[in-house]
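Some notes on the structure that comes next.
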Amino acid sequence: MTVEIPKEKWTGQVREVTIGATAEDGGTRTHTLTIGGESTLPFLNFEGNIPHRPALAIEIRDRKPDDWSPLLMETWGEAMESPAAWAKAAEEAGADMIYLVLSIKNADGEENTPENARRVVREVLDATGLPLAVAGPGQADVDNELLVPVAEEAQGERILLGICEEGNYRTIVATAMANNHLVQSKTPMDVNLSKQLVILISDMGMPLERIVMDPTTGALGYGMEYGYSVMERLRLAALQGDSMTQQPMLVNPGWEAWKVKESKVGEGVPESWGEWQNRALEWEALTAATLVQSGADMLILRHPETLKRVKSMIDALLASAA
Amino acid sequence: MAISGLEIYKLLPQTNCKDCGYPTCLAFAMKLAAKQAALKDCPHISEEAAEKLASASEPPIRLIELHGEDGKVEIGNETVMYRHEKTFYHKPGIFLRVRDDEDIDAVKANVAEADAWSVDYVGIDLYLDGFAVEAASGNAESFKKTVAAVMDSSKKPLILLAPNPDLSKAGLEATEGSQPLLYAANADNWEAMAEIAKNADVPLVVHAENLDDLADLTKKLQDKGLEDLVLDPASGGYRESLHTFTTLRRLAVKSNFRPLGFPIISFPGAQDGVDESLLAAQHIAKYGGFIVIEKFNPSSLYPLLVLRQNIYTDPQKPIQVKPGIYEINNPTEDSPLMVTTNFSITYFAIANEIEGAGWPGWLLVTDAEGMSVLTAWAAGKFDAERIAKDAKAFGAEDKVKHKKIILPGHVSVLSGELEEELPGWEVMVGPREAMDIGSYLKAMWKE
């Protein structure tokens, strides 16, 4: 019997967003990174177009972090001593983009400064040709104080600036617009809030082609199913033609997974959790692999091994039929 | 696939005879659609209509049950493509493969260890569902012996991976008293396998290289009277299995295509060049049914089972944490006691913050029906009376000697009432957001 394969016909598609600028466009990146553009659900390219693969970014810091898992400290080792070295190591590990997070304080416990933020961004831009994202420490006043000079320093590079949240987005959007950058629009696991912040940002005059939507996901075991379903709903809405949900989606499995006990701690946990290193790596990889299935266009990771594993999964998912 | 009241009405006699107990055929049809009446209440229905209705009311994916001597697994009966549309009902079963060409004592030890393993996840016991015993030796006696040995070491349900009728028979002789899944019928052996599955009254896997052949086979098996089938669409790696499983789910729930309305079995670790955990994760998220894994490794199995729990959580009923007083970082009687609700996300946010900040502490989780702090407070499920009751019931007095309790900042209005409900206790008002707990304790808590 011939089984008729059901196919969905969608009317909408995800917007294409390009991060980074080469010399041709006034930047210094060796290549640009385009995400989005899908006209079907994740990897179902038998019924629609998937022009770009989900991108994998590695998170680095402006200085060696104090509270990261020893497993991460071990794997990056010396490179963590300098943002430039760390960025290079991330590029060698196969990252598509560098996601640089600025710390709230320096190693001596003093406030981070605009000068330091500028310097670090310059070093990272000089060290690698990869497109760059820069996020503030996540405290509104400090974010604004650091990100404005960063946006100026990186003028023309089309970096992704973050993080715009409902309570603090105007300054970041304004400086991103003034310096030809993009923004990360983050909302807490809710379809309508996601849409609303995209609307607010675009109302300021930011073109939709320069907004990446971060729906927030939670880690495996810590609420990820909410994020997963919000992403599925956003993507379905996008494909059904709801314009303000058509931004590519960015998720952060590295940050989500490495703060949970299962990956952070090797001692004082139940024996039945199994061997620590493998468990920790599985936590990040499974969080990422699951979110890839719910429509992530860009994933920020911390461990190079996770990058390798998820990359090979994505390659296989998008390989042409044998 | 659900059938509407009007569609049912068209199949009824439309005489409004009232013999069913309802005033009109339409009223009866509506009750049928809502599953509040049974078709047999209509004495005048034609045989043809009855058949149509019965088939329309069957679940789009047949429910398959396996039984061990103790414990069972139910897979199937799914009705939606995405969990937010309703929910995913029956978690995929995760089975560990063991082979009869391995040393039998090693098999026994391996099975016993995997059988005993379990993890507590927010008060839910996570464990392996059963074992898939493979007749790798090709020898019936050896297979039978190994199946018996597995049954000695575990009472969980089994899958018998027996590629031909003789081996299948041998395996089934050892599983009497339980209901394993038999693997598998194919284009060459289906008649003999059908006979064996029917006699033993066990569900049967159907294997074919493509969906056309698979549908042909299930049809033939159904004609032989077999209803309990499981599909092995030879799914391959990430891409092929995502496309195939999605197609199968669509055919069942959207097209109501009967020949392929059965759960799927997959072997994510048996594919070349594939990362077993990541493909198993994909099969959990996207439409897998029975998932056979190759190795028992708690540090991989634990995250997979947590993922399964997450994906199969009813979106309308968030996971709840068991109410009680939780210990964080080995607290003493001088450590702070904080209170929150049993919504799992709230619990995790707070527990993680306290833990991350390095504070030993006690966390009183009250029964707020799985709602977050503000929602529960608004709904009257998180008030002074409830907090006091749970504080007493879970023995707060015995845990700390300082008699101080820290309320979430969002419900500071409760502090007066709570002091009345808990005489002798000092009620402190904590921060509104979990992320501020560390700095709050640093500023406010003196041991």
Below 4.5 Å from any heavy atom of chain A, which atoms of [X] appear? Answer side chain, backbone, both or neither.
| X | value |
| --- | --- |
| N210(B) | neither |
| L260(B) | side chain |
| A215(B) | both |
| S300(B) | both |
| Q309(B) | neither |
| S118(B) | backbone |

Kindly indicate whether the side chain of [X], heavy atoms from C-beta on, has any atom under 4.5 Å from the side chain of [Y].
| X | Y | answer |
| --- | --- | --- |
| Y228(A) | N310(B) | no |
| T313(B) | Y226(A) | no |
| R239(B) | D315(A) | no |
| Q282(B) | M313(A) | yes |
| T247(B) | F46(A) | yes |

Neighbourhood of chain B inside residues 290-305 of chain A, taking heavy atoms under 4.5 Å as contact: T290(A), Q293(A)

What residues of residues 270-285 of chain A sit under 4.5 Å from chain B when only non-hydrogen atoms are counted? S272(A), W273(A), G274(A), E275(A), N278(A), R279(A), E282(A), W283(A), A285(A)

Choice from R83(B), K219(B), K286(B) maximising heavy atom contacts with chain A below 4.5 Å: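 Max contact count across the listed options: R83(B).
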
With a 4.5 Å cut-off on heavy-atom pairs, point out which of S241(B), P298(B), G273(B), P303(B) contacts chain A the most.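 With the most close heavy-atom pairs to chain A, the winner is P303(B).
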
Which atom names give the shortest non-hydrogen contact between H84(B) and S229(A), and what distance separates them?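 Heavy atoms of H84(B) and S229(A) come nearest at ND1-O, 4.1 Å.
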
S277(B) versus L286(A), closest heavy-atom pair with distance: CB-CD1, 4.0 Å

Check whether D67(A) gets within reach of chain B through its side chain, its backbone, both or neither, counting any heavy atom under 4.5 Å.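 Contact with chain B: none, neither part.
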
Can you tell me if Y312(B) and E225(A) form a side-chain donor-acceptor pair at under 3.5 Å? no

Indicate yes or no: does K254(B) engage E4(A) in a salt bridge with an N to O separation below 4.0 Å. no

If you measure from the Lys or Arg side-chain nitrogens to the Asp or Glu carboxylate oxygens, is any gap between R250(B) and E47(A) under 4.0 Å? yes

Distance (rounded to the nearest 0.5 Å) between [X] [atom1] and [Y] [atom2]:
| X | Y | atom1 | atom2 | answer |
| --- | --- | --- | --- | --- |
| Y238(B) | L318(A) | OH | CG | 13.0 Å |
| I5(A) | D212(B) | CD1 | CG | 7.0 Å |
| L307(B) | T287(A) | CG | OG1 | 8.5 Å |

Counting only heavy atoms not in [X], do more than 12 sit closer than 6.0 Å to its [atom1] atom?
| X | atom1 | result |
| --- | --- | --- |
| K259(A) | NZ | yes |
| K195(A) | NZ | no |
| N49(A) | CG | yes |
| Q240(A) | CD | yes |

Closest-packed option against chain B by number of heavy-atom pairs under 4.5 Å, given V230(A), V265(A), T2(A): T2(A)

I'd like to know if the side chain of [X] reaches the main chain of [Y], judged simply by a donor and an acceptor atom lying under 3.5 Å from each other, with no hydrogens or angles considered.
| X | Y | answer |
| --- | --- | --- |
| H243(B) | F43(A) | yes |
| R309(A) | D275(B) | no |
| Y121(B) | G221(A) | yes |
| D216(B) | M1(A) | yes |

Checking Y82(B) against L41(A) for the side chain to side chain contact (heavy atoms under 4.5 Å, CB included) test, could you report, in this order, the C-alpha distance in whole Å, the side-chain angles of both residues, the deciding distance, and whether it holds? CA-CA 12 Å; Y82(B) 311 102; L41(A) 289 165; 2.9 Å; yes

